[in-house]
Amino acid sequence: MAGTEEPKPSHFIREIITRDMETNKYGKRVHTRFPPEPNGYLHIGHAKSICLNFGLAAEFGGLCNLRFDDTNPSKEEVEYVDSIMEDVRWLGFDWQERLFYASDYFGKLYECAVELIKIGKAYVCDLSADEMREYRGTLTEPGRESPYRNRSVEENLDLFGLMKAGEFPDGSRTLRAKIDMASGNINMRDPVMFRIMRATHHRTGDSWRIYPMYDYAHCISDSVEGITHSICTLEFEDHRPLYDWFLDELKLYHPRQIEFARLNLSHTVLSKRKLITLVEKGHVTGWDDPRMPSIAGFRRRGYTPEAIRNFCERIGVAKRDSVVDMALLEFCIREDLNLKAPRKMAVVRPLRVVIENYPEGQTEELDAVNNPEDPAMGTRKIPFSRVLYIEQDDFREDPPKQFFRLAPGREVRLRYAYFITCTGVVRDDKGDVVELRCTYDPATRGGDSPDGRKVKATLHWVSAGHAVEAEVRLYEHLFKTPALGAGTGNFLDDLNPGSIETLRSCYVEPSLKNALPGFGCQFERLGYFCVDADSSEGRPVFNRTVTLKDTWAKIEKGKKG
RNA sequence: UGGGGAGUCGUCCAAUGGCAGGACGGCAGACUCUGGAUCUGUUUAUAGGGGUUCGAAUCCUCUCUCCCCAGCCA
């Protein structure tokens with residue numbers, strides 16, 4: 001193992017930590033945290049942050065905490081807490097006993113606020129939300145100081161105590177940091193630290209009527225937990241002076257905040273607001289719809305934690321806004337599944353084939369390789385008989401150039417079975433081909449020709465009498481354009497109407513009859529699929545995780561132009 | 001027009017004064033009982049101007065473009 005792995009390409013955060021270790025800045029410690037707000041499901045963008053925080057800690061022999069940033073009870077729910085823990089675990093990370101909540105620190109946060117009042121750095125403000133907005137100024141004009149800014153320490157202490165005691169109505173007063181109303185950085189214009197809000201908190205119940213704001217709570221939470229590197233996304237860059245200000249004024253242990261660019265993925269959306277819109281407006285069936293870029297969606301779609309982790313490693317970490325091509329994620333899952341997924345035979349758009357010279361009523365068991373990439377996965381038997389199904393796409397009455405598959409008079413191989421030649425077609429009333437008549441060459445049993453003759457195509461197939469009927473859901477990109485909302489500004493206009501195609505009369509090989517939800521495999525020549533929880537006894541439902549690379553489809557598409 | 005950030009192949013990430021490199025995608029070919037996988041080749045980039053230097057993606061300077069901030073959200 002050691003020495004054989006290629007060194008990971010470094011990035012600026014890794015370099016900062018390496019330097020801090022060398023200079024002994026935090027006593028050779030690395031301690032990170034993943035701090036989700038429990039108001040939504042995790043998505044692939046969070047996975048980047050999770051991999052970064054947990055990954056960096058592991059790499060440097062440090063620790064990573066899971067901390068719920070639950071400072072706003074009006075938006076947060078327990079349902080989300082549970083799903084977030086499940087998703088982080090599924091991704092393969094372990095916070096051990098270090099599960100924390102910002103709400104664990106409500107008492108500490110209150111005490112620190114009293115301290116800031118005492119040193120004249122915080123005050124109770126009676127301005128309404130509207131008034132405060134007016135006093136704040138604009139991006140180009142400085143703000144004005146609140147008329148309540150210079151209350152005495154005693155009065156502030158008294159008022160803040162009454163706020164905590166629930167003596168004032170919601171929104172009537174706030175506790176503000178006394179910093180600089182003329183700052184070019186709007187976050188420094190006397191930001192709110194506590195607001196009055198009567199809402200039942202998922203952990204503290206009704207014991208608090210004041211709740212801390214993110215900027216105030218986050219830095220102190222990091223400090224209390226002994227975090228060394230507080231990694232967050234770019235939009236918090238101009239909150240850093242405030243992060244630093246609170247800790248400096250309170251003379252508390254001071255972690256370093258480092259910002260990186262959040263992940264954007266082509267052909268999808270990763271903003272919480274847009275994701276919620278998709279769910280609520282019914283464009284998807286839920287947070288775990290296999291088309292969703294949520295962790296739950298990818299899991300149900302058949303993605304593996306390994307593939308997602310590998311993806312997060314490959315995309316790198318930088319400070320530049322970027323949009324990663326979905327093709328890279330698809331490459332990562334194919335790469336992983338190619339090595340691990342057992343191969344199966346399945347026909348999603350069946351075309352009936354009768355082998356005219358094969359004895360009626362006869363069945364044979366043929367050997368099929370479970371995974372050509374991994375001989376250790378062994379072989380299995382698949383039944384062959386006179387009546388089969390092949391894929392409609394694998395037959396053309398009038399084959400175009402470069403089409404190597406079956407056509408009248410042409411010989412192809414049925415994988416692991418025999419060479420067959422098409423001798424005729426059967427049509428329905430409308431003139432559509434509904435059945436193929438073929439002959440087989442008994443000498444080619446197993447798929448090899450003793451006389452050395454070649455065929456240009458190998459087809460997958462199932463035996464009609466043995467196959468299991470199944471439903472197959474074919475997924476494509478949720479959005480038809482790589483960059484969303486470019487035309488109309490409304491991302492919903494870019495939804496791909498063909499993002500799901502449900503095929504109800506598919507046939508899969510018998511070994512799949514009782515496959516359990518979550519089971520993943522490759523349907524030969526089609527793609528990777530996994531069993532959905534919607535499956536019922538004897539009738540499995542499959543989700544297509546991703547197609548195989550399809551050279552022929554590319555050729556055909558190119559022709560159409 | 002305040003403050004904070006960022007500009008390198010189509011995309012993402014490297015190169016930290018010394019031959020602009022890797023991955024994905026694309027294209028072409030080899031091989032193949034999956035038109036898969038694998039292998040080979042190939043295409044394309046330092047936002048612009050000026051300067052420092054033997055030498056600049058990197059340092060200086062001017063300009064341009066893009067992103068974030070005016071929640072009692074995080």
Side-chain angles (χ1 to χ4, degrees), chain A residues 9-11 15 35-37 39 69-72 74-76 125 127-129 132-133 136-143 170-176 182-189 191-197 210-211 213-215 217-218 232-241 259 261 263 266 272 314-332 334-335 338-339 343 345 368-369 372-373 402-405 413-417 419 444 446-449 454-460 482 522-527 547-555:
Chain A
S10 197
H11 53 69
E15 281 171 12
E37 183 189 13
N39 71 342
D69 223 324
D70 56 353
T71 56
N72 186 350
S74 68
K75 295 170 58 179
E76 296 150 5
C125 180
L127 254 24
S128 71
M132 199 180 291
R133 191 175 312 119
R136 186 153 35 227
T138 67
L139 293 179
T140 50
E141 299 161 20
D170 285 12
S172 61
R173 286 183 163 85
T174 55
L175 183 75
R176 292 226 254 166
S183 174
N185 181 348
I186 289 177
N187 295 298
M188 301 300 270
R189 317 240 263 231
V192 171
M193 294 163 57
F194 274 93
R195 72 281 220 188
I196 303 172
M197 185 192 300
I210 55 171
Y211 290 97
M213 299 289 291
Y214 166 85
D215 286 307
H218 204 88
C232 63
T233 45
L234 250 29
E235 68 269 28
F236 291 103
E237 217 152 12
D238 45 12
H239 291 238
R240 187 172 0 109
E259 311 85 12
L263 171 67
S266 73
K272 221 172 250 184
R314 280 176 189 253
I315 57 177
V317 180
K319 297 195 70 153
R320 162 186 357 168
D321 289 311
S322 60
V323 182
V324 175
D325 196 330
M326 181 74 86
L328 180 60
L329 217 207
E330 291 175 345
F331 168 82
C332 290
R334 284 193 190 103
E335 182 186 47
N338 176 47
L339 264 23
R343 312 287 123 123
M345 298 269 240
V369 173
E373 301 293 326
Q402 296 181 81
F403 183 89
F404 306 142
R405 284 111 94 143
R413 172 171 37 234
L414 292 181
R415 187 147 164 106
Y416 302 128
F419 285 15
T444 58
D448 292 305
S449 56
K454 302 274 189 221
V455 287
K456 294 198 80 171
T458 299
L459 273 38
H460 60 278
Q522 182 193 103
F523 287 170
E524 294 227 12
R525 301 209 306 136
L526 295 178
T547 61
L548 252 27
K549 274 177 69 180
D550 190 343
T551 305
W552 169 241
K554 208 175 285 173
I555 292 168

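Naming: A, B, ... by sequence-line order, numbering from 1 per chain.
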Regarding B:G71, purine or pyrimidine glycosidic angle vs 90° from 0 gives syn

Judged by atom type as modelled, is there a donor-acceptor pair below 3.5 Å linking the side chain of A:Thr233 to the main-chain atoms of A:Glu235? no

What integer number of Å spans the P atoms of B:C60 and B:U53? 16 Å

Keeping the roles fixed (side chain from A:Arg195, backbone from A:Gly171), state whether a donor-acceptor pair exists under 3.5 Å. no

With sequence neighbours left out, write down each residue that passes side chain to side chain donor-acceptor pair (under 3.5 Å) with A:Asn72, or none if nothing qualifies. A:Ser74

Just to verify, what does A:Ser172 make a side chain to side chain donor-acceptor pair (under 3.5 Å) with, not counting sequence neighbours? none

Just by protein heavy atoms under 4.0 Å, how would nucleotides 67-74 of chain B read 5' to 3' in B, S and -? SBBBSBBB

Please give the distance between the C1' atoms of B:U44 and B:G4 as a whole number of Å. 34 Å

Spacing of the C1' atoms in B:A45 and B:G21 (rounded, Å): 12 Å

Using a heavy-atom cut-off of 4.0 Å across all strands, would you classify A:Phe403 as base, sugar-phosphate, or nothing? base

Could you list the residues that satisfy ring-ring contact (aromatic ring centres under 6.0 Å, His included) with A:Phe194, not counting sequence neighbours? A:Phe160, A:Tyr216

Would a distance-only check, ignoring hydrogens and angles, find a side-chain to backbone donor-acceptor pair under 3.5 Å from A:Arg334 to A:Thr547? yes

Under the rule for side chain to side chain donor-acceptor pair (under 3.5 Å), what residues qualify as partners of A:Lys456, not counting sequence neighbours? none

In whole Å, what separates the C1' atom of B:A57 from that of B:C13? 15 Å

Sequence neighbours excluded, which residues qualify as ring-ring contact (aromatic ring centres under 6.0 Å, His included) partners of A:Phe419? none

Measuring only the P atom in each nucleotide, how far is B:G26 from B:C69? A whole number of Å is fine. 35 Å

Does A:Val317 reach a base, just sugar-phosphate, or nothing at all? Heavy atoms under 4.0 Å. sugar-phosphate

So what does A:Glu373 hit on the nucleic acid, given a heavy-atom distance under 4.0 Å: a base, only sugar-phosphate, or nothing? base

Give A:Val323 one of three labels, base, sugar-phosphate or nothing, depending on what nucleic acid heavy atoms sit under 4.0 Å from its own. sugar-phosphate

Same-atom distance (P) from B:C27 to B:C66, integer angstrom: 32 Å

Spell out, as yes or no, whether a donor-acceptor pair under 3.5 Å connects the side chain of A:Asn185 to the backbone of A:Asp238. yes

Can you name the residues that form a side chain to side chain donor-acceptor pair (under 3.5 Å) with A:Arg136, not counting sequence neighbours? none

Going by the rule ring-ring contact (aromatic ring centres under 6.0 Å, His included), which residues pair with A:Tyr214 if we only count those two or more places apart in sequence or in a different chain? A:His218, A:Phe236

Name the nucleic acid region contacted by A:Thr551, choosing base, sugar-phosphate or nothing; use a 4.0 angstrom heavy-atom cut-off, strictly under. sugar-phosphate

At 4.0 Å (heavy atoms only), tell me whether A:Arg240 reaches a base, stays on the sugar-phosphate, or touches nothing. nothing

Using atom C1' of each nucleotide, how far apart are B:C24 and B:C9 to the nearest Å? 12 Å

Once you round it to whole Å, what is the distance between C1' of B:U32 and CG of A:Asn338? 14 Å

Classify A:Tyr416 by what it touches in the nucleic acid, base, sugar-phosphate, or nothing, heavy-atom distance under 4.0 Å. base

Write down the protein N/O and nucleotide N/O pairs, taken from nucleotides 39-41 of chain B, whose separation is under 3.5 Å; answer none if there are no such pairs.
none

Interatomic distance where CZ belongs to A:Arg525 and C1' belongs to B:A37 [whole Å]: 15 Å

Nearest whole Å is fine: how far is B:U32 C1' from A:Glu524 CD? 13 Å

Contact class for A:Gln522 (heavy atom, under 4.0 Å): base, sugar-phosphate, or nothing? base

For A:Ala261, which residues count as a side chain to side chain contact (heavy atoms under 4.5 Å, CB included) partner, sequence neighbours excluded? A:Leu234

Once you apply a heavy-atom cut-off of 4.0 Å, does A:Glu330 come out as touching a base, just sugar-phosphate, or nothing? nothing

Rounded interatomic separation in angstrom, taking CD from A:Glu335 and P from B:A23: 12 Å

If you measure from the P atom in B:G2 to the same atom in B:U8, how many Å do you get, rounded? 25 Å

Which residue lies more 5' along RNA chain B, comparing A:Ala457 with A:Gly316 via nearest heavy atoms: A:Gly316

How about A:Arg413 and A:Thr458: does a side-chain donor come under 3.5 Å of a side-chain acceptor? yes

In dot-bracket, 5' to 3', how would RNA chain B read with Watson-Crick or G-U wobble pairs under 3.5 Å, [ ] for crossing ones and | for pairs to another strand? .((((((..((((....[..)))).(((((.......)))))....(((((..]....))))))))))).....

Every protein N/O lying under 3.5 Å from an N/O of nucleotides 24-28 of chain B:
unit_1 : atom_1 : unit_2   : atom_2 : d
B:G26  : OP1    : A:Lys554 : NZ     : 3.1

Looking only at atom types and distance, does a side-chain atom of A:Asn187 sit under 3.5 Å from a main-chain N or O of A:Pro241, one as donor and one as acceptor? no

Of all the heavy-atom pairs spanning A:Val369 and A:Pro372, show the shortest one and how long it is. CG1-N, 3.7 Å

Any side-chain N or O of A:Arg320 below 4.0 angstrom from OP1/OP2 of B:G5? no

Which part of the nucleic acid, if any, lies within reach of A:Glu15 when heavy atoms closer than 4.0 Å are counted: base, sugar-phosphate only, or nothing? base

Under 4.0 angstrom, heavy atoms only, what part of the nucleic acid is A:Pro372 near: base, sugar-phosphate, or nothing? base

Could you tell me how far apart A:His11 (NE2) and B:C12 (C1') are, to the nearest whole angstrom? 14 Å

Residue pair A:Asp69 / A:Glu37: nearest heavy atoms and the distance that separates them: O-CG, 3.5 Å

